[in-house]
Amino acid sequence: MLYDVIIIGGGPAGAAAAIYSARKKLKTLLITDSFGGQSVVSADIQNWIGEPHISGFDLAQKLEAHVRAFPDAVEIKVPEKVVEIKSVRCSTSDRICDFEVRTDQSNIYESKALILAIGARRKKLGVPGEEKFNGKGVAYCSTCDAPLFSGKKVAVVGGGNAGLEAAVDLFPYASEIYLIHRGNVLKGDPIEQEKIKTNPKLKEIIFDAEILEILGEGFVNGIKYKNSKTGEEKILQVDGVFVEVGSTPNSEIVKDLVDLDKWGQIKIDPRHASTSHQGIFAAGDITDDPYKQNNISAGDAVKAALAAYNYLLKREKMPPAAG
């Protein structure tokens, strides 16, 4: 079967693209390993428009339910992970291609257009001790693991929103929290900064800190860092380390198909979410959009779906097949 569009990803971007593709009566396939994206681990999302408070789990359920409200237009493959994407049957004159998508279940699907909403994954520090103590004091999900550090001293590495939110998640559990940031000013939203600075459990914000090693004996007992300005090395005695230093786009499978920036993000035209390859569109954290927010991901995915529809109209010189 040749689909009009295959959407890869089940976060806010993938769901929004699927809903708008369905409304345009495109024959659509959505492939994802799960719904919800990175926010699925958030206990309390307060900036999803229309929901003053919603958990990541509840948001994921609502996204999936909305997509499933179009069973005649959208086919869903979950859990399934895309492992390879190729352009096939390309015309020599105008570089218009079909696309072949292969998954980890040895299935092959084909489409006339693609919308990439594969998101990103958490970055690691890459220092000695990080892998050794992963799950033994080193954690990457404060929502998941904060209760495990009840009454303990904890370091949070990261000065963006993710780091600040991790500190907030830890306040009900940890006895002391140290926020460690490689820069000299926090990057998180002012409202999040106010939350942490007024809490007595935040003992110190350590700026200009380069993490050198995570220490321990069976379990984490400290973190070694260097002041990037003075070169002075110090050891902070803690029982746990939460790593919140950003993410890496999941763009490896399309690195030979579309243009990426130096960070591995897919370059898109912000007007219609198109990539360097005709027929491929992208939205969300996998792109070079500077604002990594759920609402922006969803909005960009709407543009991607509408642009894909217009691309198909132009390609076929007639309305695409209805689902």
Side-chain angles (χ1 to χ4, degrees), residues 1-40 48-51 54 56-82 85 98-103 105 107-120 250 253-254 266 268 272-275 279-287 289 293-313 315 319-323:
M1 176 187 295
L2 181 64
Y3 296 91
D4 288 323
V5 61
I6 291 178
I7 299 165
I8 306 172
I19 290 163
Y20 269 76
S21 294
R23 290 175 59 84
K24 287 297 185 182
K25 296 295 183 181
L26 297 178
K27 186 186 299 180
T28 303
L29 173 66
L30 184 145
I31 307 172
T32 185
D33 54 356
S34 63
F35 279 91
Q38 292 187 77
S39 293
V40 72
W48 180 249
I49 304 303
E51 298 277 2
I54 187 171
F57 176 78
D58 288 341
L59 176 60
Q61 287 193 313
K62 288 191 173 186
L63 292 174
E64 182 174 1
H66 201 165
V67 175
R68 291 191 183 278
F70 301 91
D72 295 333
V74 182
E75 184 179 347
I76 300 171
K77 298 293 182 180
V78 60
E80 198 159 345
K81 183 178 181 180
V82 173
I85 301 173
D98 291 333
F99 301 98
E100 181 181 282
V101 175
R102 186 184 301 269
T103 74
Q105 298 183 23
N107 292 322
I108 298 176
Y109 308 102
E110 294 188 343
S111 69
K112 303 171 187 175
L114 285 178
I115 297 177
L116 306 173
I118 322 170
N250 296 316
I253 61 173
V254 292
I266 297 175
I268 60 169
H272 37 67
S274 60
T275 71
I280 301 181
F281 305 85
D285 288 0
I286 197 173
T287 75
D289 189 307
Q293 296 289 314
N294 284 337
N295 293 294
I296 293 173
S297 294
D300 285 349
V302 170
K303 287 194 288 186
L306 296 177
Y309 174 74
N310 288 333
Y311 165 78
L312 291 168
L313 286 177
R315 166 179 158 149

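Keep in mind that this is a model prediction, so the values were computed, not measured.
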### Message
Between His272 and Tyr311, is there a side-chain heavy-atom distance shorter than 4.5 Å?
### Response
no
### Task
Can you sort out the partners of Lys81 under salt bridge (charged side-chain N to carboxylate O under 4.0 Å, His left out), two or more places apart, ordered by chain and number?
none
### Message
Asp300: which residues meet the salt bridge (charged side-chain N to carboxylate O under 4.0 Å, His left out) condition with it, sequence neighbours left out?
### Response
Lys303
### Nearest non-hydrogen partners of Ala16 and Ala298, listed with the distance
CB-O, 3.6 Å
### Task
Answer yes or no: are there more than 12 heavy-atom neighbours, outside Phe57 itself, under 6.0 Å from its atom CZ?
no
### Query
Which atom names give the shortest non-hydrogen contact between Ser21 and Val5, and what distance separates them?
OG-CG1, 4.0 Å
### Message
For the OG1 atom of Thr275 and the CD1 atom of Ile286, what is their distance to the nearest 0.5 Å?
### Response
10.5 Å
### Query
With respect to Ile8, which candidate in Ile115, Val254, Ile118, Asn250 satisfies the side chain to side chain contact (heavy atoms under 4.5 Å, CB included) definition?
Ile118
### Query
Between Asn294 and Pro12, is there a donor-acceptor pair closer than 3.5 Å when you use the side chain of the first and the backbone of the second?
no
### Message
So Trp48 and Lys62, do their side chains get closer than 4.5 Å, heavy atoms only?
### Response
no
#### Entry: Shortest non-hydrogen contact from Ala301 toward Ala13
CB-O, 3.0 Å
### Task
With sequence neighbours left out, write down each residue that passes salt bridge (charged side-chain N to carboxylate O under 4.0 Å, His left out) with Arg102, or none if nothing qualifies.
Glu84, Glu100
### Message
Show the nearest heavy-atom pair for residues Val74 and Ala22, with the distance to one decimal.
### Response
CG2-CB, 3.6 Å
### Query
Of the non-hydrogen atoms in Lys77 and Leu29, which two are nearest, and what is the gap between them?
CG-CD1, 3.6 Å
### Message
With rounding to the nearest 0.5 angstrom, report the CG to CD1 distance, Leu30 to Ile7.
### Response
5.5 Å
#### Entry: Spacing of Lys27 atom NZ and Leu312 atom CG [to the nearest 0.5 Å]
11.5 Å
### Query
Do the side chains of Leu116 and Ile85 get nearer than 4.5 Å, heavy atoms only?
yes
### Message
Just by distance, no angles: are the side chains of Glu80 and Tyr109 close enough, under 3.5 Å, to form a donor-acceptor pair?
### Response
yes
### Task
Rounded to the nearest 0.5 Å, what's the gap from CZ on Phe281 to OG1 on Thr287? Could you check?
14.0 Å
### Query
Under the 3.5 angstrom rule, does the side chain of Gln105 hit a backbone N or O of Pro79 as a donor-acceptor pair?
yes
### Query
Would you call Asp4 and Arg315 a salt bridge, using N to O less than 4.0 angstrom?
no
### Query
Between Thr28 (side chain) and Ala18 (backbone), is there a donor-acceptor pair under 3.5 Å?
no
### Query
Does Leu114 reach the side chain of Val101, with side-chain heavy atoms less than 4.5 Å apart?
yes
### Message
Do Asn107 and Ile31 have side chains that approach each other closer than 4.5 Å (heavy atoms only, starting at C-beta)?
### Response
no
### Query
Closest approach of Val40 and Ala60, non-hydrogen atoms and distance?
CG2-CB, 4.1 Å
### Short side-chain to backbone donor-acceptor contact, Asp289 and Ile296, under 3.5 Å
no
### Message
What's the separation between atom CG in Leu59 and atom CD1 in Ile54, rounded to the nearest 0.5 Å?
### Response
5.0 Å
## Note on the structure
When rounded to the nearest 0.5 Å, the distance separating CZ of Phe99 from CD of Glu110 is 11.5 Å
